[in-house]
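Step one of this worksheet: look at the structure below.
Counting starts at 1 for both ligands and their atoms, in listed order. Throughout, numbering of the chain's residues begins at 1 and tracks the sequence.
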Amino acid sequence: MTFHVITLFPGIIRGALQDSILKKAQDKGLIQVEVYNLRDFAQGKHRTTDDYPYGGGGGMVLKPEPLFAAVHHIWERTSDKPKVIYLTPEGTLLSQALAKDLAQQKSLILICGRYEGIDERVRLHLVDQEISIGDYVLTGGELAALVLIDVTSRLIPGVVGNEDSVKRESFYDNLLDYPHYTRPREFKGMKVPEVLLSGDHKKIEQWRKQQALQRTLERRPDLIKDKDKNMKEEG
Ligand code: 6GU
């Protein structure tokens with residue numbers, strides 16, 4: 001899968017992808033991240049990418065021309081006309097379910113905003129989907145784009161070494177994860193639950209399910225309501 005990222009700060013995107021699992025995924029050819037500096041698509045001596053808002057008020061707004069030029073540049077060089085996603089706190093909340101949908105795409109264009117926002121005409125005529133990563137305001141869309149790339153990439157087969165762990169972890173079944181233990185059997189007087197040492201796989205499975213359910217009820221009862229709703233909708 002290819003992520004085309006349009007940003008004023010290519011270093012933020014590149015820097016975060018130089019280590020660990022996403023680095024390996026790129027080396028293996030499972031994902032590709034192409035970074036485009038918005039400034040390269042701006043006109044004039046000063047290559048201005050932002051301007052004052054009509055109607056006044058504070059802050060600056062990203063101009064439409066460089067964003068249109070950048071997206072068309074990418075479309076002209078790709079065979080599949082990738083969808084355009086704008087990262088903004090006004091967008092649909094990113095969830096595991098949305099990430100699963102995104103992971104079906106061959107490629108995506110991600111626009112990272114800065115300042116007060118982008119010219120509304122970009123949203124109306126260029127953007128297919130607006131996505132937010134949570135109810136708080138970041139200084140720009142770059143960290144949000146990285147979150148989107150991370151959650152989507154790890155759903156692509158081969159990116160995460162252990163497929164089983166992807167299936168078992170938090171949110172996969174709309175439940176939080178169960179507790180994990182490793183050696184030693186006793187640490188500072190705290191013992192590993194007996195059942196995990198029993199070798200009885202059925203019992204272990206039951207204990208994990210019960211723990212996951214209990215944790216979800218205590219911490220995120222909203223997830224269980226969502227799950228009920230989803231099951232009813234699916235019939
Ligand atoms: Cl996508 N962008 C910004 N600037 N702030 C955010 C966000 C995105 N999602 C949550 N907060």
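For ligand 1, the atoms closer than 4.0 angstrom to any heavy atom of Leu87 are 1 (Cl).
Arg14 pairs by the salt bridge (Lys or Arg N to Asp or Glu O under 4.0 Å) definition with nothing, not counting sequence neighbours. With sequence neighbours excluded, no residue forms a side-chain hydrogen bond (donor to acceptor under 3.5 Å, both in side chains) with Arg47.
Annotation: atom 3 (C) of ligand 1 to nearest protein heavy atom, Pro89 CD, 3.4 Å. The closest protein non-hydrogen atom to atom 4 (N) of ligand 1 is Leu138 O, 3.3 Å. Among all non-hydrogen protein atoms, the one lying nearest atom 10 (C) of ligand 1 is Gly134 O, 3.0 Å. Ranking protein heavy atoms by distance to atom 1 (Cl) of ligand 1, first place goes to Thr88 N, 3.0 Å. Closest protein heavy atom to atom 11 (N) of ligand 1: Tyr136 O, 2.5 Å. Of all protein heavy atoms, the one lying nearest to atom 9 (N) of ligand 1 is Ile133 N, 3.0 Å.
Ion pairing between Arg123 and Glu90 holds under the 4.0 Å rule for side-chain N and carboxylate O.
With Trp75 contributing its side chain and Pro82 its backbone, the two residues share a donor-acceptor pair below 3.5 Å.
Applying the 6.0 Å contact sphere to NZ of Lys202 captures no more than 12 heavy atoms from other residues, nucleotides or ligands.
A donor atom on one side chain and an acceptor atom on the other are found under 3.5 Å apart for His4 and Tyr36. Using a 3.5 Å distance cut-off with no hydrogens or angles, the side chains of Ser107 and Asp80 do pair a donor with an acceptor.
Of all the heavy atoms of Ala144, the ones lying under 4.0 Å from any atom of ligand 1 belong exclusively to the side chain.
Within the structure, the closest approach of Ile131 to ligand 1 falls below 4.0 Å when heavy atoms are considered.
Of the N or O atoms in Val137, none lie within a sub-3.5 Å distance of an N or O in ligand 1. Below 3.5 Å of separation, one finds no N or O of Thr139 facing any N or O of ligand 1.
Linking ILVMFWY residues whenever their side-chain heavy atoms come closer than 4.5 Å, directly or via other members, leaves Leu8 and Val137 in distinct clusters.
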